[in-house]
2 protein chains.
Amino acid sequence: MENAAAKKGRPRSEKSRKAILNATNKLLLQTSVQELSIESIAKKAKVGKTTIYRWWPNKTAVVMDALASQPGMQTPLPTASSHHDAITMQLDKLIRLVDSNNGQTIAQLFSEAQASEISLNIFKDNLLEPLMDAIRYSIEEGQKNGEFRDDIEISLAADMLCGPIFFRLMAHAKDLDRDFHKTYPDEAIKILAPANAN
Amino acid sequence: MENAAAKKGRPRSEKSRKAILNATNKLLLQTSVQELSIESIAKKAKVGKTTIYRWWPNKTAVVMDALASQPGMQTPLPTASSHHDAITMQLDKLIRLVDSNNGQTIAQLFSEAQASEISLNIFKDNLLEPLMDAIRYSIEEGQKNGEFRDDIEISLAADMLCGPIFFRLMAHAKDLDRDFHKTYPDEAIKILAPANAN
DNA sequence: AGTATAAAACTCATCGTTTCGTATTTGGAT
DNA sequence: ATCCAAATACGAAACGATGAGTTTTATACT
């Protein structure tokens, strides 16, 4: 359906798309994802509601796109000299992400995802899994080369590294402070330290 | 307003209250907290919508009460022989809680709390903080008597113990499986092991 | 006598869909 | 190249459905 260069008619307006994502980002500075309505986006973007519904399945998808469209969301990590460093850098990046203006939005997206299977998948595919995959990969490689202890399941270790960050974001975001930034990654990675180390 | 034994007239109907909480619990087996409407509760409980609004401030409060009214939610922990054991038992209890029928409901309540300050406080006061307080207390005592290392902040350690459980509940509840039950508490508490141990 | 109750009607907001007339682009024919 | 017709996206408006939270009223209970 998506192939077939033989397609007539008017193409999707890139102008509308940008206006919509832009308006979404602006509105998110003032309201929560839950309070945000498709109608308000349409109004702010000076666009018909139909246009939004045509291109996105639901609100979560729009917000996710809007988030991704922000500059700075796509910056790759610098290469690390060890898997240990790679992981602390990834955790550091995650902490900065949830402590930014977008932190609340991310928490709210994660929340929306609890009510709808579709939203959960959108959230996972676009944000959570890429992040977790990278961490799981680093854990696996670090286990292979002996940097980490290998008597812990990879998926469990990844949850133990990332879980507390999301938990703090949702339970008491105030405490995502400088001290947490500084101490958490180093503290967390200890769970992977080989038994003979320390 | 709530005191004053000198009150004439009809008192609050305990029958209505139970019917409402009961209906809420039943409906929660079929729908998410987000989808649950006060109207549907009223209808199922054969009660006027007004009655619900008179006694609870919002949906979160009703659901919270309904959850607490279930048998098994109030069971105290057996006394532990050490703070180490106390914590693993508390973690075990938390895992059983979120892996029960109520797991999804708890995740959804946590989610609702992200959009509303009132809901967040209801959730924290009734569920999260009692739990976290107990764990923080055990950490503190264990640090005092030398059972745990004391070069980690109590609040951080508590988040590192509980965070992964909530994270798994919300991100991939399927993996709250028997293996997780069995391995997580023992694995998690290692973060508190003294440096010379192992 | 006083108050809680169920039921119903009400206002208001928003959702997601549908309809409609218009604007715009494309591909093919000339 | 130029024009035309088909195809499609567009904004605006209206729709029915749903549910929130309030108000009213007559009734039941203590």
Side-chain angles (χ1 to χ4, degrees), chain A residues 1-24 27-28 30-63 65 108 111-112 115-119 122, chain B residues 1-24 27-28 30-65 108 112 115-119 122:
Chain A
M1 286 293 174
E2 201 53 68
N3 53 354
K7 231 190 185 177
K8 278 193 179 184
R10 192 182 182 181
R12 172 178 188 174
S13 156
E14 196 58 23
K15 202 171 124 201
S16 287
R17 184 177 166 275
K18 287 198 176 170
I20 290 165
L21 297 184
N22 208 351
T24 304
L27 288 171
L28 279 177
Q30 303 161 14
T31 51
S32 67
V33 175
Q34 276 76 10
E35 286 163 351
L36 184 67
S37 70
I38 298 275
E39 292 203 339
S40 65
I41 297 173
K43 189 178 169 187
K44 180 136 200 151
K46 288 175 186 171
V47 142
K49 214 174 16 160
T50 1
T51 307
I52 300 179
Y53 280 114
R54 182 169 7 248
W55 295 108
W56 289 273
N58 59 30
K59 194 167 60 177
T60 299
V62 181
V63 174
D65 259 17
Q108 289 155 6
S111 298
E112 287 263 310
S116 139
E117 187 78 33
I118 301 174
S119 297
I122 293 174
Chain B
M1 287 294 175
E2 202 51 68
N3 54 355
K7 233 187 182 178
K8 281 192 174 182
R10 193 179 180 184
R12 172 179 187 174
S13 157
E14 195 58 21
K15 201 172 125 200
S16 287
R17 185 177 166 274
K18 287 199 175 169
I20 290 165
L21 298 183
N22 208 350
T24 304
L27 287 170
L28 279 176
Q30 303 162 13
T31 51
S32 68
V33 176
Q34 275 77 8
E35 287 163 349
L36 185 67
S37 70
I38 298 276
E39 289 204 340
S40 65
I41 298 173
K43 189 177 168 189
K44 180 136 198 154
K46 290 175 184 171
V47 141
K49 216 178 7 165
T50 15
T51 307
I52 299 178
Y53 279 113
R54 187 174 355 255
W55 297 108
W56 289 273
N58 58 31
K59 193 167 61 177
T60 300
V62 181
V63 174
M64 201 73 246
D65 259 18
Q108 288 154 7
E112 285 262 312
S116 141
E117 186 81 350
I118 301 174
S119 297
I122 293 175

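Sequence lines set the chain letters: A, B, ... in the order given, protein chains first and strands last, and positions in each chain run from 1. Worth knowing before you read on, the calculation uses all heavy atoms, side chains too, and leaves out hydrogens, waters and symmetry mates.
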Whole angstrom value for the distance that separates [atom2] of [N] from [atom1] of [X]:
X	N	atom1	atom2	answer
A:Lys46	D:dA9	NZ	C1'	20 Å
B:Trp55	D:dG21	CH2	P	18 Å
B:Lys44	C:dA6	NZ	C1'	19 Å
B:Lys15	C:dA4	NZ	C1'	13 Å
B:Glu14	D:dT30	CD	C1'	16 Å

What's the angle between the local helix axes at either end of the helix from C:dA1-D:dT30 to C:dT30-D:dA1, using five pairs per end and rounding to 10 degrees?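 The two end axes of the helix from C:dA1-D:dT30 to C:dT30-D:dA1 meet at 10°.
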Report the residues that fulfil side chain to side chain contact (heavy atoms under 4.5 Å, CB included) with [X], sequence neighbours left out, ordered by chain and then residue number.
X	answer
B:Ser119	B:Asn58, B:Thr60, B:Ser116
A:Ala115	B:Ser32, B:Gln34
A:Pro57	A:Ala61, A:Ile122

Determine, for nucleotides 14-24 of chain C in 5'-to-3' order, which nucleotides have protein heavy atoms under 4.0 Å from the base (write B), from only the sugar-phosphate (write S), or from neither (write -). SBBBB----BB
From OG1 (B:Thr24) to CE (B:Met64), nearest 0.5 Å: 12.5 Å
By nearest atom, which of the nucleotides C:dA6, D:dA7, D:dG11 is closest to the A:Val47 side chain?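 Nearest to the side-chain atoms of A:Val47, counting from C-beta on, is D:dG11.
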Hits for side-chain hydrogen bond (donor to acceptor under 3.5 Å, both in side chains) against A:Thr50, two or more places apart or cross-chain, chain-then-number order -> none
Looking at residues at least two apart in the chain, or sitting in another chain, which of them share a side-chain hydrogen bond (donor to acceptor under 3.5 Å, both in side chains) with A:Ser40?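 A:Ser40: side-chain hydrogen bond (donor to acceptor under 3.5 Å, both in side chains) contacts with A:Ser37.
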Partner set under salt bridge (Lys or Arg N to Asp or Glu O under 4.0 Å) for B:Glu39, not counting sequence neighbours: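 With neighbours one apart ignored, the set is B:Lys49.
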Sequence neighbours excluded - side chain to side chain donor-acceptor pair (under 3.5 Å) pairs with any residue from residues 11-23 of chain A: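 Applying side chain to side chain donor-acceptor pair (under 3.5 Å) to every pair that reaches into residues 11-23 of chain A, excluding sequence neighbours, yields A:Ser13-A:Ser16, A:Glu14-A:Arg17.
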Distance check: side-chain N/O of A:Arg54 vs OP1/OP2 of D:dC10, anything under 4.0 Å?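 Yes, because at least one side-chain N or O of A:Arg54 sits under 4.0 Å from OP1 or OP2 of D:dC10.
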